[in-house]
Q: 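Dropping a structure here in structure tokens format, bear with me for questions.
Each ligand, and each atom within it, is numbered from 1 in the order the structure gives. Quantities reported herein were computed from a predicted structural model and do not represent experimental measurements.
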Amino acid sequence: YLFGRKKATEVAHVVWEQVIQKGDMVIDATCGNGNDTLAMLKMVTDDSDGCGGCVYAMDIQKDAIESTSCLLDQTLGSEEKERVKLFNMCHSKMEEIVPENSSVRMVAFNLGYLPGGNKSIITASNTTVLALKAAESVLMPGGLISLVVYIGHPGGREELEVVEAFGSSLPVSDWVCCKLQMLNRPLAPVLVFMFKREK
Ligand code: SAM
């Protein structure tokens with residue numbers, strides 16, 4: 001029941017579950033406090049043996065990396081935690097950390113600022129578009145670029161326009177791009193999904 005969920009991130013997770021398979025490699029491009037990272041790790045993990053894929057999680061803020069690491073320590077065993085790799089870096093450089101010939105099933109962005117953190121450290125349209133280009137280049141066929149875009153803060157709507165322009169420019173032969181926006185909640189975050197078609 002997709003629309004009964006209060007949070008945009010919860011709706012995004014429902015979509016991720018349809019795409020991510022056990023054993024996959026996925027990227028959290030804005031790990032913040034680690035909630036999405038943890039959700040992704042559960043989706044790539046096979047419950048029967050605890051084995052599975054991996055999550056590459058990055059954030060430009062050291063505090064966010066520490067916060068994610070702390071959440072993972074509290075929630076996961078050491079073997080499971082080893083399958084999350086944390087990077088204190090700008091997501092526009094994600095190609096540098098993805099091993100050659102790897103297949104990335106999903107790159108997820110939760111844009112804006114860290115809840116409870118420094119509101120001046122915020123995703124910016126110019127680096128977001130570079131990160132989208134990088135995500136496009138690392139993503140495997142059958143993969144997903146997922147974005148939660150907040151529009152209530154200064155610069156948020158401009159960032160949404162950049163994201164929409166990027167999605168609109170992807171060739172229809174290879175991509176299915178769509179957005180989910182609440183009509184009766186005009187300031188609610190907008191979800192954008194870019195599905196890369198299977199070859
Ligand atoms: N997904 C997170 C969670 O589950 O807690 C919340 C993410 S928060 C809305 C956005 C994050 O993006 C912040 O932690 C911020 O530091 C990070 N960020 C901002 N600019 C960035 C950049 N250029 N590269 C990587 N992360 C960035």
Side-chain angles (χ1 to χ4, degrees), residues 5-17 19-20 26-45 54-76 80-81 83-98 104-139 144-160 162-163 166 180 187-193:
R5 288 162 210 275
K6 289 198 195 86
K7 284 188 172 176
T9 48
E10 290 172 357
V11 177
H13 292 185
V14 175
V15 175
W16 301 354
E17 275 166 355
V19 174
I20 294 177
V26 297
I27 296 179
D28 186 348
T30 51
C31 67
N33 291 323
N35 302 298
D36 290 325
T37 304
L38 194 58
M40 286 178 210
L41 186 70
K42 288 188 180 146
M43 292 179 206
V44 300
T45 301
C54 61
V55 184
Y56 280 31
M58 62 197 70
D59 202 289
I60 201 151
Q61 281 191 75
K62 201 161 169 275
D63 283 358
I65 296 297
E66 278 163 13
S67 175
T68 295
S69 181
C70 197
L71 179 71
L72 299 178
D73 283 337
Q74 286 164 5
T75 326
L76 304 174
E80 258 190 316
K81 197 190 168 193
R83 289 192 285 107
V84 180
K85 307 229 175 308
L86 296 173
F87 300 91
N88 184 194
M89 59 180 271
C90 176
H91 43 213
S92 61
K93 306 214 181 300
M94 72 175 79
E95 282 163 291
E96 294 174 12
I97 50 112
V98 175
V104 176
R105 178 77 67 184
M106 183 179 79
V107 182
F109 296 82
N110 187 339
L111 299 175
Y113 51 80
L114 182 65
N118 183 345
K119 290 191 178 170
S120 67
I121 305 175
I122 188 159
T123 54
S125 299
N126 58 337
T127 41
T128 299
V129 76
L130 291 174
L132 283 170
K133 286 181 185 156
E136 179 192 357
S137 79
V138 300
L139 202 74
L144 167 68
I145 301 175
S146 165
L147 298 108
V148 179
V149 190
Y150 299 85
I151 54 177
H153 62 268
R157 278 191 193 278
E158 291 73 15
E159 196 171 28
L160 176 63
V162 163
V163 169
F166 180 85
L180 184 57
L187 290 182
V190 178
L191 294 167
V192 177
F193 299 110

Q: Counting distance only, does the side-chain N/O of Thr123 pair as donor-acceptor with the main-chain N or O of Gly112 below 3.5 Å?
A: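 Yes, the answer is positive, given that a donor and an acceptor are paired below the 3.5 Å cut-off.
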Q: How many angstroms lie between atom CG of Leu160 and atom CG of Leu111, to the nearest 0.5 angstrom?
A: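 Output value for this atom pair is 9.5 Å.
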Q: Kindly say whether Ala134 contributes a backbone atom to a donor-acceptor pair with the side chain of Ser137 at under 3.5 angstrom?
A: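 Yes: the side chain of Ser137 pairs with the backbone of Ala134.
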Q: Which of the atoms in ligand 1, numbered in the order shown and given with their element, are less than 4.0 Å from a heavy-atom of Ile122?
A: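 Taking each heavy atom of Ile122 in turn, ligand 1 has 19 (C), 20 (N) under 4.0 Å.
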Q: Below 4.0 Å from any atom of ligand 1, is there a heavy atom belonging to Val148?
A: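 Judged by the 4.0 Å heavy-atom criterion, Val148 does not count as contacting ligand 1.
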Q: Does Ser67 have a heavy atom less than 4.0 Å from any atom of ligand 1?
A: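 The answer is no, since Ser67 has no heavy atom less than 4.0 Å from ligand 1.
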Q: Can you tell me if Ser67 uses its side chain to pair, donor with acceptor, with the backbone of Asp63 under 3.5 Å?
A: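 No: the side chain of Ser67 does not pair with the backbone of Asp63.
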Q: Would Ile60 count as a polar contact of ligand 1, with the cut-off being nitrogen or oxygen pairs under 3.5 Å?
A: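 N/O-N/O distance below 3.5 Å exists for this pair.
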Q: So, for Tyr113 and Ile121, which heavy atoms are closest and what is the spacing to 0.1 Å?
A: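 Nearest pair, atom of Tyr113 first, then Ile121: CB-O, 3.6 Å.
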Q: Nearest protein heavy atom to atom 3 (C) of ligand 1, by residue and atom, and its distance?
A: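 I find the closest protein heavy atom is Cys31 O, 3.4 Å.
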Q: For ligand 1, which atoms, with element, lie under 4.0 Å from some heavy atom of Thr30?
A: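 Reading through ligand 1 atom by atom, the close ones are 1 (N), 2 (C), 6 (C), 7 (C), 11 (C), 12 (O).
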Q: So which heavy atom in the protein is nearest atom 1 (N) of ligand 1, and how far is it from that ligand atom?
A: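 Looking at atom 1 (N) of ligand 1, the protein heavy atom closest to it is Asp36 OD2, 2.8 Å.
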Q: Is there any N or O on Tyr150 that sits under 3.5 Å from an N or O of ligand 1?
A: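 Tyr150 vs ligand 1: no N/O contact under 3.5 Å.
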Q: Just to confirm my output: which protein heavy-atom neighbour is closest to atom 19 (C) of ligand 1, and how far is it?
A: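 Going atom by atom, the protein heavy atom closest to atom 19 (C) of ligand 1 ends up being Thr123 CG2, 3.4 Å.
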Q: Any atoms of ligand 1 less than 4.0 Å from a non-hydrogen atom of Cys90? List them with their elements.
A: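 Numbered from 1, ligand 1 contributes 23 (N), 24 (N).
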Q: Side chains of Ser125 and Glu158 only: does a donor on one sit below 3.5 Å from an acceptor on the other?
A: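 The criterion, which ignores hydrogens and geometry beyond distance, is not satisfied for Glu158 and Ser125.
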Q: Is the closest N or O pair between Asn35 and ligand 1 shorter than 3.5 Å?
A: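 By distance alone, the answer is yes.
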Q: Got the closest protein heavy atom to atom 11 (C) of ligand 1, with its distance?
A: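 The protein heavy atom lying closest is Asp59 OD2, 3.5 Å.
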Q: For atom 24 (N) of ligand 1, what is the nearest protein heavy atom, given as residue, atom name and distance?
A: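 Among all protein heavy atoms, the one nearest atom 24 (N) of ligand 1 is His91 N, 3.0 Å.
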Q: Tabulate below the donor-acceptor pairs under 3.5 Å that side-chain atoms of residues 54-62 make, not counting sequence neighbours, or state none.
A:
residue: Asp59; atom: OD1; partner: Gln61; partner atom: N; Å: 2.9
residue: Asp59; atom: OD2; partner: Gly32; partner atom: N; Å: 2.9
residue: Lys62; atom: NZ; partner: Glu66; partner atom: OE2; Å: 3.3

Q: Using a strict 4.0 Å cut-off to heavy atoms of Leu111, name the atoms of ligand 1 that fall inside it.
A: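 So the answer, numbered in order with elements, is 9 (C).
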Q: If the cut-off is 4.0 Å to any non-hydrogen atom of Gly34, which atoms of ligand 1 fall inside it?
A: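 Every atom of ligand 1 under 4.0 Å from some heavy atom of Gly34: 3 (C), 5 (O).
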Q: For ligand 1, which atoms have a heavy atom of Met89 less than 4.0 angstrom away?
A: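 Atoms satisfying the 4.0 Å criterion: 24 (N), 25 (C).
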Q: Identify the heavy atoms of Leu86 and Ser69 that sit nearest to each other, and give their distance.
A: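 Reported closest heavy-atom pair: CD1-CB, 3.8 Å.
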Q: Which pair of heavy atoms, one from Ala8 and one from Val148, lies closest together, and at what distance?
A: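 Closest approach of Ala8 to Val148: CB-CG1, 4.0 Å.
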Q: Taking all atoms of both residues into account, what is the closest heavy-atom pair of Met89 and Ile97, and its distance?
A: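 That closest heavy-atom pairing would be SD-CG2, 3.9 Å.
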Q: What's the shortest distance from atom 10 (C) of ligand 1 to any protein heavy atom, and which residue and atom give it?
A: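 The closest heavy atom on the protein side is Asn110 O, 3.2 Å.
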Q: Would you name the heavy atoms of Leu139 and Val104 that are closest together and state the gap between them?
A: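 Heavy-atom minimum between the residues: CD1-O, 3.5 Å.
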Q: List every atom of ligand 1 that sits less than 4.0 Å from any heavy atom of Asn33, numbering the atoms from 1 in the order shown and giving each element.
A: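 Every atom of ligand 1 under 4.0 Å from some heavy atom of Asn33: 3 (C), 5 (O).
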Q: In terms of residue, atom name and distance, what is the protein heavy atom nearest to atom 8 (S) of ligand 1?
A: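 Its nearest protein heavy-atom neighbour is Tyr113 O, 3.4 Å.
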Q: Output the list of atoms in ligand 1 that are nearer than 4.0 Å to some heavy atom of Ala29, sorted by atom number.
A: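 Near Ala29, the atoms of ligand 1 are 25 (C), 26 (N).
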Q: Within the side chain of His91, is there an N or O that forms a donor-acceptor pair under 3.5 Å with the backbone of Ala29?
A: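 Present.
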